[in-house]
Each structure stands twice: as structure tokens, then as C-alpha cells.
**Q** 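The structure's right below; bear with me while I get my questions together.
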Amino acid sequence: MSRINEEDADTVVGGPSYPVLKHEDLKKSDQIDESHDNHSTGTNPKKLERGSLHEFSKTADYALEERPFFVPIAKDGMIAALERIDRQLRDSGRTGLLSSKVPVSWTGREVSPGFLGLINHGGLPKILTKPGRYPGFPLRNWWTRQWCGTKGLSDTAIQFQGLTVVQVSQNQAAVISDPQNRIFVVKNSGFVAYAIDGTYDVLAVVDQTHLSTSIKDTVTDAILGSIDEIKMRSHIASGKEQEYVVALFLNIPANNCAILQRGDDLELLPAGQHYITNPNITLRGLFTLGENQLELPTKDIFTRDQVPVGLRIYLKWQLMEPLKLTKHGYNTPYDALRDKTQSILTQIVAHLDYGTMVKQRSLGPDNLEDGSDPSSAFIDALRTRAMDEMHEAALEYGIILKDLAVIDREFKGDIASTMDKLTTRALQAQVEAANVDRENSNKVKQEEGALAVARIKAQSRNAQADSEAYSVIAAAKAQAERTKIEALAEAEAIRLTAEADAQAVSIRAAADAKVTDQFARGMEMRRVEVTRVQAFGNKTVFVPTDGTGVQMGNAMAVGMAAGMANGHEA
């Protein structure tokens, strides 16, 4: 936690992580805490410019100075601090703070363990620290006292009849106004004070990590941090009450910072939790040290042929040294970049004519020219010189420019309107031509697709015909092979049959040749005759085919033919 104090009066306290008893030890511990904050935030006061961190607050903390009846709460707790103040009051001849009454066990007001009993003793505070029951009026001399209830020993703030007790946790900070209306802050500790003249007023107890107001960048909408203003009511001569800001708390996220101002001096405040009570120090602004990107329009710029054009540019930057930016009078990096960008683009676009601007759809670094266009030099200047000059100018403001591009342009005026119509017609013609080409291309692709389908179908039919022809040839070959096999089988069967018949005839002939009986031979001949008649019919005439039988057969055939001819004539 950093603390910013008044130059001529101690108005801020930021105690150590644990409470101590002696003021000297508390100061030493607070200095250690301050150096630890510097180390943790990565800031080196020697490396900062004039008005660097902690140069505004070299005086000691006001709350840590020696003052009467003001005791820090040490490790032994609030009751020990009350006892020390009680001894200080009694040693100075004043009425003590702690009551001498002792508790009883049978009746009276009850003070539970962990609580304090509060008694108004004729306008002076009396504190009961021992738990138990305390009898009321008229016992034990209570007629001059008024019972005012109890308060917890761990309460953050207790105010009673001039007695003020403050105890804040590690995440809290209490804003206190002393009897002389001077402001100081207590954190990570506490104190017990009794004001003889005036009062110690607890103006607020602040949660340092959840402040009430968030601060956003008006350009990028990024959250820069949060603040909380603590106000005090004051009575003026007219009797009216007015509020005045007496303390400002800041919670700055990581990679952000704040700029404080005292007169002409500036101070860089790093990320962390801080508070300001010095009225001479004001908050100049909060800044982010991360990358930012933004699209922004420019004012109208006239081309070489006096045609007004409005550009829309893209910027990407990172703020590295906020002190340089604020010294040039800019509240945001956007303000500085906008003014410089407008100036540089005005100089470059003034050398371009309308035709080149129309043809150049974008003015970014991707538009490379072959050098044949006389305006290409200015396009290159926009790509190179603008970026170089912008980068150099941004460094003067503590900004690193990482990217610059013109993403859109709008021509204005009558000339631009007329030329825009002509350009629109040309573009329409180009679009129509492109559409025609696209349609023709689609038709060609359709025909190519149909041809490919027909080719595939023909290939399929050829393959099918080849398959059918192969099937026919295979069937014919199989039939021929079958016929050949059948013929061979039939021939073989005939041969075997003939061989069998011949063998049978031979056997029968051999058997007949072996018959020697004449009767048997005659009977066999007759059996043969009977078999022959059975085979050819009983009307068959058998004619001899050798010798005189041939002649007789021919004569009989001629006679039969003549007889058949006469029968037909009749």
C-alpha cells in the first residue's frame, strides 16, 4: 500500500502488517512496508522522473507522531491499550477511564466475555472490562451513572463520550479526523484515543479491494481501476453543512497505473492499493500499459483534385511511458494518436488523385504496386512513410505504435457523387460480366458433367457387352466340348457294341461249328428261319442273291412292277 501525505502536515497512516507498541518501531515497520511495496510493484524511485514515486511524501505519517492519550493497539489487545490510556489520564491528574466497579454474581447489568460495558459518568466515559453482573441504582453508588450498553472487543470502530477505538483488518482502511480536523488513515492496525479538546471522528471504513466507482477508458471501455472518495461534513459560518473530499482511495489492477500531479510535478503510481489525503495532490488520470486496438474515423481530407474523402483507420498501440503522454497535455493515448494520424494522412492523401483512391480499394500494407502507376509512389508513401512517421511521433508520447491501416474511405461532394456513379456503373458492368462468365462456366461445367456421365455409361455398356460376348463364347465352347464328348462316348459305345456282337457271332459260330449232329444242324437252321420271319414279317419273300436266284428275283420284280402299272391305268 502506498500513501501520499501532506507536505507540511502528517495526514496519512498506513500501519505495518502487525500492530506494535512504540511509535519509533511503528515508523520503522511502516518504512519497511513502504519499501516492500516499491519492490513488489517493480518501481524504482531513482529511475522515475522529477516528482517520482514517494517524492511527494517524504514527511513522517501524522498519525504516528507523539500525542497525548493516543495509544496504538499492540499484540496484547484493546484492553491493554485502554489500561495504558487510563494510567496516562490518572498521571495527568484527570479522571481515569476504567471503572473500579467489580462484578457480582447475583443481579445487575450483564457484561459477557468479549464485550465492554459503557457507562456515562457525568459526561465522562467509564469502561467495564471484566465480564459479569454489575448492580444498578441505588446499590454501589450508581446514582451518578447511566448505563449505555455494551460493545464488542473486536468491533471495528467504537466512539463513546470522547473515547475512540479503531481496529481494522488486513483488507480495511479507516479514515479518521482528529480534533484539529486533520485527516489520517489507519490500516492493518488500530488505536485507542481519548480527545480532551474535540473528537476523533471515524469518517469511513473502506474495503480496499472493492471500491465504489469503476473507472473505464472512454475510448476502449477497458476498466482502468476503481476509486472511492471519502467526504466529511463541515459546518460553515452560515450554519449550513457542506461535504468536502478528504481522502481518495485507488485500486489499480495489474499492468495499469495512475498519474498524480502536484503543481507542475507529475508522479507515476504503479498497480496496487493506494490512498491520497494531501489536498495538494490531484489524480491526473488512470492508464493501461497493455495493448489496445481501435477503429476511428478521420476528418475530411482533400485529394490532389480537391475531392473530399473521409478515412476510417485501424490503430494498434501500447502505452509504455504515461508520464510523457501527460506532459504533452493528453489525457488518453487515443487523443495523441488521433491528432498525429490526422496530420500525417492529410499530407499523404493531398498528393493522391481521386482515380487512384477509387482504384485502391484499401490503403493497407498489402496493396503492392508494380511501379507503372504514377501514383504508386504515394501509395508506397502511405504504407511506409505514414507508419514510420507515426511510430516516431508515438515514441515522443511514450507510445509504441504496432499497426496502422486505412480500412475504409468515403468520398464526398458533387464531384465524388458523379464519379461514384460512374464508378458504380463500371463496377456493375464488371459484376454483370463476371456473372455472365460465371453462368457460362456453370453451363460448361454442366455439359462436361453430362459428357462425363455419358462416357461412364458407354464404358459400362461396353463392359456389359464384353461380359455377354464372353458368356456366349464360353457357352459355345462348352457345347462343342459337350458334343465332342458325347460323340466320342457314342462311338466308343458303338465300337464296344460291335465288338461284343462280333464276339457273340464268333462264339455262336464256333459253337455251331462244334455241332456234329445233322438233326441239330437242321433244327438250328429252322430256328434261324423262324427268327428271320419274325423280324421281317410273314409276307416277306426272300430271294436268293447269288446264282440262278438273282435272275429269278429280277424277273419277279419286273412282273410285279408291270402288274402295278396296269392297275393304276385301269
**Q** Quick check against the 3.5 Å criterion: does D86 have a side-chain atom that pairs as donor or acceptor with the backbone of L97?
**A**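 A pair under 3.5 Å: yes.
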**Q** Is there a donor-acceptor contact under 3.5 Å from the side chain of Q88 to the main chain of F69?
**A**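 Yes, Q88 side chain to F69 backbone: donor-acceptor pair under 3.5 Å.
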**Q** Look up atom CG in N171 and atom OG1 in T209, then write down how far apart they are to the nearest 0.5 Å.
**A**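 Result: 4.0 Å between the selected atoms.
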**Q** Supply the atom-to-atom distance I119 CD1 to Q146 CD, rounded to the nearest 0.5 angstrom.
**A**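 I119 atom CD1 to Q146 atom CD measures 10.5 Å (nearest 0.5 Å).
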**Q** What's the separation between atom CG in L319 and atom CG in N255, rounded to the nearest 0.5 Å?
**A**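 One finds 10.0 Å between CG of L319 and CG of N255.
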**Q** Give me the atom names and distance for the closest heavy-atom approach of S112 to P131.
**A**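 The pair with the smallest heavy-atom distance is C-CB, 3.9 Å.
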**Q** Less than 4.5 Å apart, any side-chain heavy atom of L116 and any of M78?
**A**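 Yes, at least one pair of side-chain atoms sits under 4.5 Å.
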**Q** Under 3.5 Å, is there a donor-acceptor pair between the side chain of E83 and the main chain of L98?
**A**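 Such a contact is absent between E83 side chain and L98 backbone.
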**Q** Is it the case that the side chain of T164 and the backbone of Y200 share a donor-acceptor pair, with hydrogens and angles ignored and the cut-off at 3.5 Å?
**A**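 Checking the backbone N and O of Y200 against the side chain of T164, a donor-acceptor pair under 3.5 Å is found.
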**Q** The criterion is side chain to side chain contact (heavy atoms under 4.5 Å, CB included); which residues satisfy it with V205, sequence neighbours excluded?
**A**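 Partners of V205 by the side chain to side chain contact (heavy atoms under 4.5 Å, CB included) criterion, ordered by chain and then number, come out as T156, Q172, A174, V202.
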**Q** Over 60° means perpendicular and under 30° means parallel, so tell me whether Y330 and Y397 are parallel, tilted or perpendicular.
**A**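 Judged by the thresholds at 30° and 60°, the geometry between Y330 and Y397 is perpendicular.
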**Q** Grab the two heavy atoms, one from A81 and one from V192, that are nearest each other, plus how far apart they are.
**A**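 In this case the closest contact between A81 and V192 is CB-CG2, 3.8 Å.
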**Q** Any idea which heavy atoms bring L153 and Q167 closest together, and the distance?
**A**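 Closest heavy-atom pair between L153 and Q167: O-NE2, 2.7 Å.
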**Q** Should N251 and Q208 be marked as a side-chain contact (heavy atoms from CB on, under 4.5 Å) after you check the CA-CA gap, both sets of side-chain angles, and the distance that decides it?
**A** CA-CA 7 Å; N251 185 15; Q208 299 178 87; over 6 Å; no
**Q** Will you find, in the side chains of S226 and D228, an N or O donor that is under 3.5 Å from an N or O acceptor?
**A**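 Absent: no donor and acceptor within the cut-off.
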**Q** So, for G290 and Q318, which heavy atoms are closest and what is the spacing to 0.1 Å?
**A**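 Scanning both residues completely, I find the closest heavy atoms to be O-CG, 3.7 Å.
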**Q** With sequence neighbours excluded, what pairs up with K299 under the side chain to side chain contact (heavy atoms under 4.5 Å, CB included) test?
**A**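 Side chain to side chain contact (heavy atoms under 4.5 Å, CB included) check on K299 returns Q342.
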**Q** Is the number of heavy atoms from other residues, nucleotides or ligands under 6.0 Å of D91 CG greater than 12?
**A**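 Yes, CG of D91 has more than 12 neighbouring heavy atoms, counting only those of other groups under 6.0 Å.
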**Q** So do the side chains of P179 and D197 get within less than 4.5 Å of each other, counting heavy atoms only?
**A**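 They are not in contact (no side-chain heavy atoms under 4.5 Å apart), so the answer is no.
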**Q** Just verifying a value: how many Å separate K340 NZ and E389 CD, rounded to the nearest 0.5 Å?
**A**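 The CD atom of E389 is 7.5 Å from NZ of K340, to the nearest 0.5 Å.
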**Q** Check whether S189 reaches the backbone of K187 with its side chain - one donor and one acceptor, N or O, closer than 3.5 Å.
**A**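 Yes, because the side chain of S189 sits within donor-acceptor range (under 3.5 Å) of the backbone of K187.
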**Q** Roughly how far, to the nearest 0.5 Å, is CG of L325 from CD1 of I259?
**A**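 It is 8.5 Å, given to the nearest 0.5 Å.
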**Q** Checking the side chain of N256 only, and the main-chain atoms of P253 only, is there a donor and an acceptor separated by less than 3.5 Å?
**A**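 Looks like no, no N/O pair under 3.5 Å.
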**Q** With rounding to the nearest 0.5 Å, note down the distance linking CD1 in I223 to CD1 in I252.
**A**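 CD1 of I252 is found 14.0 Å from CD1 of I223.
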**Q** For T129 and V111, what are the C-alpha separation, side-chain angles and deciding distance, and is it a side-chain contact (heavy atoms from CB on, under 4.5 Å)?
**A** CA-CA 8 Å; T129 59; V111 177; over 6 Å; no
**Q** Identify the heavy atoms of G117 and W147 that sit nearest to each other, and give their distance.
**A**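 That closest heavy-atom pairing would be CA-CH2, 4.1 Å.
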**Q** Please work out which of the three classes, parallel, tilted or perpendicular, describes the rings of Y275 and F249, given edges at 30° and 60°.
**A**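 F249 vs Y275 ring planes: tilted.
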**Q** Between D217 (side chain only) and V219 (backbone N and O only), is there a donor and an acceptor less than 3.5 Å apart?
**A**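 Between the backbone of V219 and the side chain of D217 there is a qualifying donor-acceptor contact (under 3.5 Å).
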**Q** Would the distance check show the side chain of N278 and the main-chain N or O of I276 forming a donor-acceptor pair, the cut-off being under 3.5 Å?
**A**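 No; judged by distance alone, with no hydrogens or angles, the pair does not exist.
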**Q** Heavy-atom distance under 4.5 Å between the side chains of Q159 and D201, does that happen here?
**A**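 Contact flag for Q159/D201 side chains = yes.
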**Q** Is there a side-chain contact between R312 and P297 in this structure, where contact means two heavy atoms from C-beta onward sitting under 4.5 Å apart?
**A**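 In contact.
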**Q** Between M232 and I183, is there a side-chain heavy-atom distance shorter than 4.5 Å?
**A**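 Yes, their side chains come closer than 4.5 Å.
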**Q** Would T326 and F287 satisfy side-chain contact (heavy atoms from CB on, under 4.5 Å), going step by step from the backbone distance to the final call?
**A** CA-CA 10 Å; T326 52; F287 300 91; 3.6 Å; yes
**Q** As a quick check of understanding, evaluate side-chain contact (heavy atoms from CB on, under 4.5 Å) for H391 and L395, giving each step before the final call.
**A** CA-CA 6 Å; H391 181 73; L395 290 178; 3.9 Å; yes
**Q** Are the side chains of R94 and I196 in touch, meaning some heavy atoms are under 4.5 Å apart?
**A**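 Of all side-chain heavy-atom pairs linking I196 with R94, at least one is under 4.5 Å.
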**Q** For the backbone of G96 and the side chain of K126, can you confirm whether one donor and one acceptor N or O come within less than 3.5 Å of each other?
**A**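 Yes.
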**Q** Who pairs with Y194 by ring pair (Phe, Tyr, Trp, His ring centres under 6.0 Å), at least two apart in sequence or on another chain?
**A**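 Result, ring pair (Phe, Tyr, Trp, His ring centres under 6.0 Å) vs Y194: none returned.
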**Q** Write down the atom of L283, the atom of A258, and the distance for their closest heavy-atom approach.
**A**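 Of all heavy-atom pairs spanning L283 and A258, the closest is CD1-CB, 3.9 Å.
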**Q** Ring-plane angle category for F184 and F191, please: parallel below 30°, perpendicular beyond 60°, tilted otherwise.
**A**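 Answer is tilted, since the angle falls between 30° and 60°.
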**Q** In this structure, are over 12 heavy atoms from other groups packed under 6.0 Å from E295 atom CD?
**A**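 Yes - once you tally the heavy atoms of other residues, nucleotides and ligands closer than 6.0 Å, there are more than 12.
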